[in-house]
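Notes follow the structure.
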Amino acid sequence: MIKLDKKELIIKKYTNRRLYNTEESKYVKLDELAGIIRSGCDIKVIDSATDEDITKQILAQIILEEEKNKKDLLPSALLYQIIRSNQEFTKDFFENYLTMAMDSYSSYRNVMEKRLKEMTDINKLPFEMGDIFMKSFGFMGGREDKGK
């Protein structure tokens with residue numbers, strides 16, 4: 001099992017453009033890699049011919065494939081701005097601001113999902129308490145006194 005720190009999965013890209021999952025000893029497609037990444041695992045993609053790290057190219061390819069499949073991940077206006085801006089500005093933007101914004105959004109979303117679940121659980125409480133009350137006094141399938 002080849003893993004590096006922080007759940008990093010090693011993928012080898014062969015000259016026939018196939019991607020090989022070294023941990024599971026099987027070939028994978030880009031959409032499968034996207035699923036692995038969404039599950040929380042980082043990947044490192046190595047070109048088998050040169051041993052060069054080509055992770056960024058594969059990650060960009062995954063995004064482009066999803067865009068091609070009409071997922072609309074990136075608005076055209078943003079793509080134009082990326083192309084028109086200088087490389088240092090774009091690199092700084094992605095490394096600092098966008099990464100921080102995505103982390104903050106993800107954290108906020110997780111907190112909100114947790115709070116909504118808690119509210120849903122609390123909203124069930126009055127009904128459960130009512131059922132317990134009704135059952136304790138012989139209603140709802142409990143003791144039935146039919147004129148005795």
Side-chain angles (χ1 to χ4, degrees), residues 1-136 139-142:
M1 181 159 90
I2 300 174
K3 281 208 177 202
L4 300 177
D5 42 28
K6 185 174 103 145
K7 297 192 293 184
E8 192 172 53
L9 177 65
I10 303 296
I11 304 293
K12 287 196 175 189
K13 183 177 182 196
Y14 289 97
T15 53
N16 61 3
R17 297 181 359 190
R18 294 187 76 186
L19 299 164
Y20 188 75
N21 180 335
T22 59
E23 184 175 307
E24 294 183 6
S25 300
K26 69 175 192 172
Y27 288 100
V28 292
K29 297 178 183 174
L30 285 176
D31 62 331
E32 293 172 307
L33 273 184
I36 290 169
I37 293 166
R38 284 189 187 98
S39 74
C41 188
D42 288 351
I43 64 169
K44 182 173 187 174
V45 184
I46 305 295
D47 184 306
S48 65
T50 65
D51 283 336
E52 179 185 358
D53 183 351
I54 57 170
T55 304
K56 287 191 256 181
Q57 293 94 319
I58 297 300
L59 295 174
Q61 192 175 355
I62 290 170
I63 291 170
L64 292 174
E65 281 296 312
E66 290 191 349
E67 189 69 29
K68 186 172 86 174
N69 293 328
K70 306 292 184 220
K71 301 254 177 149
D72 290 330
L73 296 173
L74 301 169
S76 296
L78 175 63
L79 296 172
Y80 280 118
Q81 285 180 326
I82 291 169
I83 292 168
R84 289 178 179 141
S85 65
N86 70 45
Q87 289 180 347
E88 190 61 35
F89 171 80
T90 304
K91 181 180 180 208
D92 183 56
F93 172 77
F94 279 106
E95 283 181 351
N96 297 312
Y97 177 74
L98 190 59
T99 301
M100 184 178 62
M102 290 288 288
D103 288 344
S104 294
Y105 174 75
S106 179
S107 176
Y108 172 76
R109 185 174 175 174
N110 289 339
V111 167
M112 292 308 295
E113 285 175 356
K114 181 181 175 190
R115 288 189 179 158
L116 284 173
K117 184 182 180 328
E118 289 170 355
M119 287 174 53
T120 302
D121 292 344
I122 289 172
N123 285 336
K124 291 178 186 174
L125 188 61
F127 295 108
E128 291 171 358
M129 294 300 284
D131 290 346
I132 292 169
F133 176 78
M134 297 295 270
K135 285 180 183 176
S136 68
F139 301 107
M140 296 179 62

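Values below: all heavy atoms of this structure, side chains included; hydrogens, waters and symmetry mates excluded. Numbers for residues simply follow the sequence, beginning at 1.
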Q. Should the heavy atoms of other residues, nucleotides or ligands under 6.0 Å from CZ of F89 be counted, would the total exceed 12?
A. no

Q. Any Lys/Arg nitrogen of E113 or K117 sitting under 4.0 Å from an Asp/Glu carboxylate oxygen of the other?
A. no

Q | Short N-O contact, K91 and E88, less than 4.0 angstrom | A | no

Q. Closest heavy-atom contact between I10 and T22?
A. O-OG1, 2.7 Å

Q.
Less than 4.5 Å apart, side chain to side chain, heavy atoms only: is that true for V111 and R115?
A. yes

**Q.** Evaluation steps, side chain to side chain contact (heavy atoms under 4.5 Å, CB included), between T55 and D42
**A.** CA-CA 10 Å; T55 304; D42 288 351; over 6 Å; no

Q. Are L30 and I58 close enough that some pair of their side-chain heavy atoms sits under 4.5 Å apart?
A. yes

Q. Are the charged groups of K44 and E23 less than 4.0 angstrom apart, N to O?
A. no

Q) Is there a side-chain contact between D47 and D53, using heavy atoms and a 4.5 Å cut-off? A) no

Q | Point-to-point distance, once rounded to the nearest 0.5 Å, from CG of L19 to NZ of K29 | A | 11.5 Å

**Q.** Audit row: I46, I54, side chain to side chain contact (heavy atoms under 4.5 Å, CB included) steps and yes/no
**A.** CA-CA 6 Å; I46 305 295; I54 57 170; over 6 Å; no

Q.
Run the salt bridge (Lys or Arg N to Asp or Glu O under 4.0 Å) test on E32 and R18 for me, step by step, so that the C-alpha distance in whole Å, both residues' side-chain angles and the decisive distance to 0.1 Å come before the verdict.
A. CA-CA 12 Å; E32 293 172 307; R18 294 187 76 186; over 6 Å; no

Q | Gap separating the CD1 atom of I11 from the OH atom of Y27, nearest 0.5 angstrom | A | 12.0 Å

Q: Check for a donor-acceptor pair, side chain of S104 on one end and backbone N or O of M100 on the other, with a separation under 3.5 Å.
A: yes

Q | Closest approach of T99 to F94 (non-hydrogen atoms, all atoms of both residues) | A | OG1-O, 2.7 Å

Q.
Assess the residue pair I37 and I62 against the criterion (side chain to side chain contact (heavy atoms under 4.5 Å, CB included)); give the C-alpha distance rounded to whole Å, side-chain angles, the decisive distance to 0.1 Å, and a yes or no.
A. CA-CA 10 Å; I37 293 166; I62 290 170; 4.0 Å; yes

Q) Between CG of L64 and CD of Q57, what distance do you get to the nearest 0.5 Å? A) 12.0 Å

Q. How far does OH of Y20 sit from OG of S48, to the nearest 0.5 angstrom?
A. 12.0 Å

Q) Just how far is it from atom CZ of R84 to atom CG of L79, taken to the nearest 0.5 Å? A) 11.0 Å

(Q) Distance check, rounded to the nearest 0.5 Å: T90 atom OG1 versus Q81 atom CD? (A) 9.5 Å

Q.
Quick check: do L74 and E67 have side-chain heavy atoms less than 4.5 Å from each other?
A. yes

Q. Can you check whether L33 reaches N21 side chain to side chain, under 4.5 Å on heavy atoms?
A. no

